[in-house]
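Take a look at the structure set out below.
Naming: A, B, ... by sequence-line order, numbering from 1 per chain. From a predicted model like this one, the values you see are computed outputs, not experimental measurements.
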Protein chains: 2
Amino acid sequence: MFLSSATNTLDAKGRVSVPADFRAVVAQSAFDGIIVWPSFDGAYLEGGGIALLQDYQRSLETLDYYDEGRIALQRAIFAESRRLPFDGGGRVSLPKDLHEYAGLNGKITFVGLGRRFEIWSPAAYAERSENVRKLARENRHRLKPVPRDAQGGTL
Amino acid sequence: MFLSSATNTLDAKGRVSVPADFRAVVAQSAFDGIIVWPSFDGAYLEGGGIALLQDYQRSLETLDYYDEGRIALQRAIFAESRRLPFDGGGRVSLPKDLHEYAGLNGKITFVGLGRRFEIWSPAAYAERSENVRKLARENRHRLKPVPRDAQGGTL
DNA sequence: TGGGATAGCATGGGATTTTATGGGATACAA
DNA sequence: TTGTATCCCATAAAATCCCATGCTATCCCA
């Protein structure tokens, strides 16, 4: 489970350390690294382990082959995603077009959100999450107990 | 189940013993430690075992992906939480920003609340709990019998 | 029931390991 | 060759491990 946030530095070679906790999440999975793609919801990146993409795949396979949504999501996620392997020090090289998409320079923030994570420029994330606690307080009643055997959605 | 309260000392390295009773609650779960995050309801911390976060995740997955409340709660809980593993003596290191958020120094109070717990500065907790009994008395009718086979709540 | 033995707990501090990060060397591609 | 990507090693700071200690609670047996 991806938890907590951390801000690391993007070096001159375009490398950045993935937080050790995040690395632990994807350890012993089929691919020793992370998968990252540009969010279709804003100027930031989304990512996860290979298992997340496999879950997405399973979810999309419940839709018709030519379902418009299926195709759109496949294009936005599968086609745009990059496989970023860890180097010996637990870093990944973030391709230049992804830097640019998310407006990253110097520092980048990893944000753990459970089954996936996001990558933000620290300033943009600070702005976006300015009122989180207030909003969370207002929405706390939405966090309802769920029966143990109910299946949660994948996406 | 997290029960009772205990006050332990925060040492120079930022470590604090988690009450043995609390450790027993999370023993034999996937992660040997606790998860802690700043409460969105006041200057204290909330925490629980990994199972609690998994319950929260299941609950959030019943909401729409772009639901404002879902996003706020995800950011306020998942992105803000820290995974704190036990050391050999059953202690955790509490990150500095969490100390500061909860105004902790020297002594800290663990408060068991069933499925989760809270972490308070002893003084703040004493103040907060001044009229717990009164509030509880006013809410006594909320404590209703539940059939044995009904699924337990998340909170 | 008393009281000594034992085990578990909270705590301190030194030693060791991990982490994040920089930079050179090496392989690969255009 | 020249640029690009990957691998490897070095390092300082931080986190973690490990052992020791006093205290408390529990156990056990006379």
* Which whole-number value in Å describes the distance from B/K13 NZ to D/dC19 C1'? -> 12 Å
* Structure fact -> Across every strand shown, the nucleotide meeting Watson-Crick or G-U wobble geometry with D/dA30 (both distances under 3.5 Å) is C/dT1
* Asked: Is there a donor in the side chain of B/S81 and an acceptor in the side chain of A/S4, or the other way round, less than 3.5 Å apart?
  -> no
* **Short N-O contact, B/R82 and B/E80, less than 4.0 angstrom** => no
* **Rounded distance (Å) that lies between atom C1' of D/dA25 and atom CG of B/D21** => 13 Å
* To do: For C/dT19, take OP1 and OP2 only and decide whether either is under 4.0 Å from a side-chain N or O of A/S17.
  => no
* Charged tip of A/R83 within 45° of A/F31 ring normal and under 6.0 Å -> yes
* For A/K96 and for A/G88, find the nucleotide of DNA chain D with the closest heavy atom, then tell me which residue's nucleotide is more 5'. => A/K96
* **Residue-phosphate contact under 4.0 Å: A/R15 side-chain N/O, D/dT4 OP1/OP2** => no
* Given atom CZ of A/R83 and atom P of D/dA5, what is their separation to the nearest angstrom? -> 18 Å
* Whole-Å distance separating the CG atom of A/D97 from the C1' atom of D/dA5 -> 15 Å
* Structure fact -> Out of C/dC9, C/dA15, C/dG12, minimum distance to the side chain of B/R23 belongs to C/dC9
* **Sugar-phosphate, base or nothing in reach of B/V18, heavy atoms under 4.0 Å** => sugar-phosphate
* To do: Report which part of the nucleic acid A/P85 touches: base, sugar-phosphate, or nothing (heavy-atom distance under 4.0 Å, all strands).
  => nothing
* Write down the distance between CZ (B/R82) and C1' (D/dA15), rounded to a whole number of angstrom. => 14 Å
* Between A/S39 and A/Y44, a side-chain donor and acceptor under 3.5 Å -> yes
* To do: Please state how far atom CZ in B/F110 lies from atom P in C/dC9, giving the value in whole angstrom units.
  => 15 Å
* Between C/dG23 (P) and A/D87 (CG): distance, integer Å -> 15 Å
* To do: Look at B/T9 and C/dT11 and indicate whether a side-chain polar atom (N or O) is within less than 4.0 Å of OP1 or OP2.
  => yes
* Which part of the nucleic acid, if any, lies within contact of A/G89, taking any heavy atom under 4.0 Å across all strands shown: a base, the sugar-phosphate backbone alone, or nothing? -> base
* Any donor-acceptor N/O pair under 3.5 Å between C/dG22 base and A/R91 side chain -> yes
* Asked: Which class fits the ring pair B/F110 and B/F22: parallel under 30°, tilted 30 to 60°, perpendicular over 60°?
  -> perpendicular
* **Nearest-Å distance for atom pair CD1/C1', residues A/I108 and C/dT21** => 14 Å
